[in-house]
Amino acid sequence: MSAHEDTRKLIVLAVDDELKGLDELTYGLRNNPHVHRVFSASDASDALRLFSHDDPELAARRAGGLPTVDAVFADIDMPGLSGMEMSRVIAAMNPSPVLVFVTGHAEEAVNAFDLGAVDYVLKPFQQDRLDRSVARVREKLSSATGPPTGQAAGEPVKNDDEVIPVELAGTTKLIPRSSVRWVEAQGDYARLFTTEGSHLVRIPLAQLEERWEKAGFVRIHRSFLVALPLITELRMGQGGYQVVIGNEEKVLPVSRRHTRALKDRLVGAGRGG
């Protein structure tokens, strides 16, 4: 451990669909003296729900700009949403936890490290092997000048296309940001309009605006966020400006307060093109 060793104890999440495997992983993590608290989930959907959990300690971490948990120790082969798919969602979070895979499938190691995982623990494991994995997590977190959590040193950011988990009839579907054409606010929720339909997610529009600004999304109205490259026309209509989206000629209103910024973005996009 470096001179800048992080002495803070960790909050971690253990994910495994097999009860025995989850119990062993949770027990091993709790036995580590550097772990303060262990949350557990029996599937990926359960695990992702933790990241919006109203637990006071977790909420305080999010409010302070920390990831909800320091690290996620996850199995890979799970029914429904796999551990690898879940980890792509987690790795795209900002800030994101450190990823560790704990599994019996050695052939998945390459894919795991492509996601920026700091370790890959094969089952069955002993306590000392899990302890070494926790040590690697602590080393990653203590690197004050290192890359964002979940990203290997010297690597470019791999998760350029963020994905949003959507609950559909008891299953979790991953919606890539690149498929979203526009977003409409619906109270504390947002409805994502994609090429295939629409999906309601519990994410405020203001939060999506902040997260997706660098990906080319622009706020045109208090109720609408639009993918800038898909705007084919800005025109004056009844009551003010409107934009036309793509070939389907979907028309959305532009509020006065957002008109100037939208024009500037469109001009800048035209010059860049």
For [X] versus [Y], what's the shortest heavy-atom pair and its separation?
| X | Y | value |
| --- | --- | --- |
| Ala14 | Leu25 | CB-CD2, 3.7 Å |
| Arg37 | Asp55 | NH2-OD2, 2.8 Å |
| Phe217 | Ala227 | CD2-N, 3.6 Å |
| Ile90 | Ser96 | O-CB, 3.3 Å |
| Leu262 | Ile231 | CD1-CD1, 3.9 Å |
| Leu58 | Thr68 | CD2-O, 3.3 Å |

Between atom [atom1] of [X] and atom [atom2] of [Y], what is the distance when rounded to the nearest 0.5 Å?
| X | Y | atom1 | atom2 | value |
| --- | --- | --- | --- | --- |
| Ser40 | Tyr27 | OG | OH | 16.0 Å |
| Tyr189 | Ile203 | OH | CD1 | 11.5 Å |
| Ile76 | Met86 | CD1 | CE | 9.5 Å |
| Arg191 | Leu200 | CZ | CG | 4.5 Å |
| Phe125 | Glu24 | CZ | CD | 6.0 Å |
| Leu205 | Glu184 | CG | CD | 9.0 Å |

Can [Y] be reached from [X] by stepping across I, L, V, M, F, W or Y side chains whose heavy atoms are under 4.5 Å apart?
| X | Y | value |
| --- | --- | --- |
| Leu130 | Leu22 | no |
| Met236 | Ile245 | yes |
| Val118 | Leu66 | no |
| Ile11 | Leu50 | yes |

Quick one: do [X] and [Y] make a salt bridge, cutoff under 4.0 Å?
| X | Y | answer |
| --- | --- | --- |
| Arg49 | Asp46 | yes |
| Arg219 | Glu209 | yes |
| Lys140 | Asp119 | no |
| Arg136 | Asp131 | no |

Side chain proximity check, [X] to [Y], heavy atoms < 4.5 angstrom:
| X | Y | result |
| --- | --- | --- |
| Val72 | Val100 | no |
| Phe39 | Val12 | no |
| Leu10 | Leu141 | yes |
| Leu252 | Val226 | yes |
| Val251 | Val243 | no |

Does [atom1] in [X] sit with more than 12 non-hydrogen atoms of other residues, nucleotides or ligands closer than 6.0 Å?
| X | atom1 | value |
| --- | --- | --- |
| Gln126 | CD | no |
| Gln186 | CD | yes |
| Asp188 | CG | no |
| Gln127 | CD | yes |
| Arg222 | CZ | no |
| Arg62 | CZ | yes |

- Mind checking whether Phe193 and Trp182 have parallel, tilted or perpendicular rings, split at 30° and 60°?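 Parallel: the ring planes of Phe193 and Trp182 meet at under 30°.
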
Keeping the roles fixed (side chain from [X], backbone from [Y]), state whether a donor-acceptor pair exists under 3.5 Å.
| X | Y | value |
| --- | --- | --- |
| Thr259 | Ser255 | yes |
| Arg181 | Leu192 | no |
| Thr26 | Asp23 | no |
| Asp17 | Ser42 | no |
| Thr232 | Val244 | yes |
| Arg61 | Pro67 | yes |

- Message: Using the rule given for side-chain contact (heavy atoms from CB on, under 4.5 Å), can you reason through Asn32 versus Lys9, listing the C-alpha separation, both sets of side-chain angles and the distance that settles it, and then say yes or no?
- Response: CA-CA 10 Å; Asn32 186 283; Lys9 290 195 174 184; over 6 Å; no

- Message: Is there a side-chain contact (heavy atoms from CB on, under 4.5 Å) between Val134 and Phe73? Walk through the geometry before answering.
- Response: CA-CA 10 Å; Val134 171; Phe73 290 74; 4.1 Å; yes

- Do you know which of Lys263, Arg235, His258 makes side-chain hydrogen bond (donor to acceptor under 3.5 Å, both in side chains) with Tyr241?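 So, applying the side-chain hydrogen bond (donor to acceptor under 3.5 Å, both in side chains) to Tyr241 and each of Lys263, Arg235, His258, only Lys263 qualifies.
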
- May I have the step-by-step check of salt bridge (Lys or Arg N to Asp or Glu O under 4.0 Å) for Arg138 and Asp70, ending in yes or no? CA-CA 9 Å; Arg138 296 179 69 229; Asp70 293 299; over 6 Å; no

- Do Glu57 and His36 meet the criterion of a side-chain donor-acceptor pair at a distance under 3.5 Å?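 Their side chains do contain a donor-acceptor pair, which is all the 3.5 Å distance test asks for.
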
